[in-house]
2 protein chains.
Amino acid sequence: MCHRCDYTEILKSTGLDPTKNRVRVLEIIGENNSPLSAEDIFNTIARSHRINRVTVYRVLKLLSEHMLIEPFNNGRSFHYGMAPSKNHPPHPHFFCKSCGKIECLNPESVMVDTLNFEKVFPGKIDKLEIRVEGICKNCMKLS
Amino acid sequence: MCHRCDYTEILKSTGLDPTKNRVRVLEIIGENNSPLSAEDIFNTIARSHRINRVTVYRVLKLLSEHMLIEPFNNGRSFHYGMAPSKNHPPHPHFFCKSCGKIECLNPESVMVDTLNFEKVFPGKIDKLEIRVEGICKNCMKLS
DNA sequence: CATCAGATGTAAATCAGTTGCACAACAAAT
DNA sequence: ATTTGTTGTGCAACTGATTTACATCTGATG
C-alpha cells in the first residue's frame, strides 16, 4: 500500500507507455495491502471500466518483465504485489492453504542470514523469498 | 535421496495400504535428489509398469495429505519431495525460472530467525519455506 | 466361492493462463 | 486532413496441469 507512488510516472520512467489499463492495473496493485490475482484485478477494473481478461494478463506479464510487480503462486493462481523498491521493502508473505489468500508480513518479522551461500551457488540468484504457510486467522474461525 | 527408508514400512506405519503404486511413487520421490513433478513420476513408473496419470495424481494427493511428501509449485506445476522427518531435515530450495527445475539446497545454506513471529501471528503456521529463485547453472550455460 | 470396500482406469470436465488474429487508437509522415 | 505504421486491446479458440464422475478391478474376509 503506497500513497507516495505516482504510477503514471513509474511507467514512464520504466520506458512504458502509461496506457489507462496499465496505470489502472499498477495502481490497484500498489494501493492494495496484499498481492492480488489477475481475476481480482480484472473484477476491480471491470466494475467501472470495460476491459478484457486477456489485457489484464498481458499487462501483468509486461509489468512483471519490467520488474515493477512481483508474482507469487499459491498453488492455484498467481498473485501480484509491488516489486521491492525504495517505497516497498522486501518482506515475507503468509500463504493460507485453506482460502489461498496471501498476506504481506513485516519486513522484520523473519530475518534471514544467507551466509556465504550466494558466493558458493553456481547459478544466478535473483531473489530470496520467505513464505510462511498455514491457515489464516479468518479460516481458523470458520473451521 | 535416502537409502535408509523402507517405503513400504513408512506407508504401513502411516496407516496406508502399501499398494504397488503408492510404494513406487513414494520410492521414486524418496530416492531422487530433487522434487519431481507428477509427469516425471508418471514417466518413470510407466517405463516399467502400466499406470494411469490419474492414479499418480491421486497417490500424490494422498501422500501429501498424510504429510509423507511435500508439494512445491514453481508456477507451472507441482513438484514433490520427501516431507521433513528424521532422515530428511528441512532445507531451502532453488527454483530455476528458466527451466522450472527445483533443487534442494543444504539445510545450513540459509539460516532463518523467526524471532517471536510465531507467537505474534494470529493464524496457524504449518511451515516456513525458503525459496531462492534465479537461473540454474545449466540454463546459464545455454543462454 | 461370494461379497464389499478400497484402489485403479478411462473419458470428460475444469481452471488459469496463453496464442493467433482482427480491429482500434494514436502518433508521425505525406 | 489522409495515409501509414506501430502498439494496445478484444475475442475466440487453445493449452497444460489437475480434477471429476463413474465404471471396473482387486484383494481381504467371511
Side-chain angles (χ1 to χ4, degrees), chain A residues 7-8 11-12 14-29 35-46 48-66 68-80 95 97 99-102, chain B residues 7-8 11-12 14-29 35-46 48-66 68-80 95 97 99-102:
Chain A
Y7 300 101
T8 301
L11 285 164
K12 279 187 194 162
T14 311
L16 297 172
D17 253 27
T19 67
K20 287 176 184 176
N21 287 331
R22 289 175 185 167
V23 175
R24 280 177 190 139
V25 169
L26 187 57
E27 185 179 11
I28 288 169
I29 293 172
L36 296 170
S37 68
E39 193 65 14
D40 293 335
I41 295 165
F42 170 76
N43 288 331
T44 303
I45 295 178
S48 54
H49 302 277
R50 178 182 169 65
I51 191 172
N52 192 282
R53 278 183 168 72
V54 178
T55 302
V56 175
Y57 281 115
R58 278 192 283 233
V59 171
L60 290 171
K61 191 180 175 209
L62 184 78
L63 300 182
S64 297
E65 283 166 356
H66 289 267
L68 295 179
I69 62 176
E70 195 174 32
F72 299 95
N73 194 301
N74 63 7
R76 307 177 195 181
S77 59
F78 281 98
H79 289 237
Y80 299 85
F95 293 69
K97 63 175 75 165
C99 66
K101 203 178 149 191
I102 304 178
Chain B
Y7 300 102
T8 301
L11 286 164
K12 279 187 195 163
T14 311
L16 297 172
D17 253 26
T19 67
K20 288 176 184 176
N21 287 332
R22 289 176 186 168
V23 176
R24 280 178 190 138
V25 169
L26 187 56
E27 186 178 11
I28 288 168
I29 293 172
L36 296 169
S37 68
E39 193 66 14
D40 293 335
I41 294 165
F42 170 75
N43 289 331
T44 302
I45 296 178
S48 53
H49 302 277
R50 177 179 171 67
I51 190 172
N52 192 282
R53 275 183 170 71
V54 178
T55 302
V56 174
Y57 281 112
R58 276 191 287 232
V59 171
L60 290 171
K61 190 180 175 209
L62 184 76
L63 300 181
S64 297
E65 283 165 356
H66 286 79
L68 295 179
I69 62 177
E70 194 174 33
F72 299 94
N73 194 300
N74 63 5
R76 308 176 195 182
S77 58
F78 280 99
H79 289 236
Y80 299 84
F95 293 68
K97 63 174 76 165
C99 65
K101 203 179 148 191
I102 304 177

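The sequence lines fix the lettering, A, B, ..., with proteins before strands; numbering per chain opens at 1.
Residues A:Phe95 and A:Asn73 approach most closely at CE2-O, 3.9 Å, considering heavy atoms. Here the closest heavy-atom approach between residue B:Arg76 and residue B:Lys97 is recorded as NH2-O, 3.3 Å.
Qualifying side-chain contact (heavy atoms from CB on, under 4.5 Å) partners for B:Thr19, counting only residues two or more places apart in sequence or in other chains: B:Asp17, B:Asn21, B:Arg22. In this view, B:Lys12 and B:Thr8, B:Glu9, B:Pro18 satisfy the side-chain contact (heavy atoms from CB on, under 4.5 Å) rule, not counting sequence neighbours.
Taking 4.5 Å as the limit, some side-chain heavy atom of B:Leu60 sits within range of a side-chain heavy atom of B:Ile29. Contact of the B:Tyr80 side chain with the B:Pro35 side chain is not registered, since no non-hydrogen atoms from C-beta on lie closer than 4.5 Å. Residues A:Leu68 and A:Leu11 form a side-chain contact, since some pair of their non-hydrogen atoms from C-beta on lies under 4.5 Å apart.
In this structure, A:Ile41 atom CD1 and C:dG17 atom P are separated by 10 Å, rounded to whole Å. Atom P of nucleotide C:dT18 and atom NZ of A:Lys61 are separated by 7 Å, given to the nearest angstrom.
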Could you pull out every donor-acceptor pair under 3.5 Å between side chains of residues 50-59 of chain B and any protein atom, sequence neighbours left out?
from: B:Asn52; atom 1: OD1; to: B:Val54; atom 2: N; distance (Å): 2.8
from: B:Arg53; atom 1: NE; to: B:Glu39; atom 2: OE1; distance (Å): 3.3
from: B:Arg53; atom 1: NH2; to: B:Glu39; atom 2: OE2; distance (Å): 2.7

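Taking side-chain N and O atoms only, A:Tyr57 has a distance below 4.0 Å to OP1 or OP2 of C:dG17.
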Using atom names, set out every protein N or O paired with an N or O of nucleotides 28-30 of chain D below 3.5 Å, distance rounded to 0.1 Å.
none

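Environment of NZ in A:Lys101: sparse, with no more than 12 heavy atoms of neighbouring residues, nucleotides or ligands closer than 6.0 Å.
For the contact set between residues 68-79 of chain B and DNA chain D, defined by any heavy atom under 4.0 Å, the members are B:Arg76, B:Ser77, B:Phe78.
Between the side chain of A:Asp40 and the backbone N or O of A:Asn43 there is no donor-acceptor pair closer than 3.5 Å.
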Quiz prompt | Per-nucleotide protein contact string for nucleotides 3-9 of chain C (B base, S sugar-phosphate only, - none; heavy atom under 4.0 Å) | solution = ----SBB
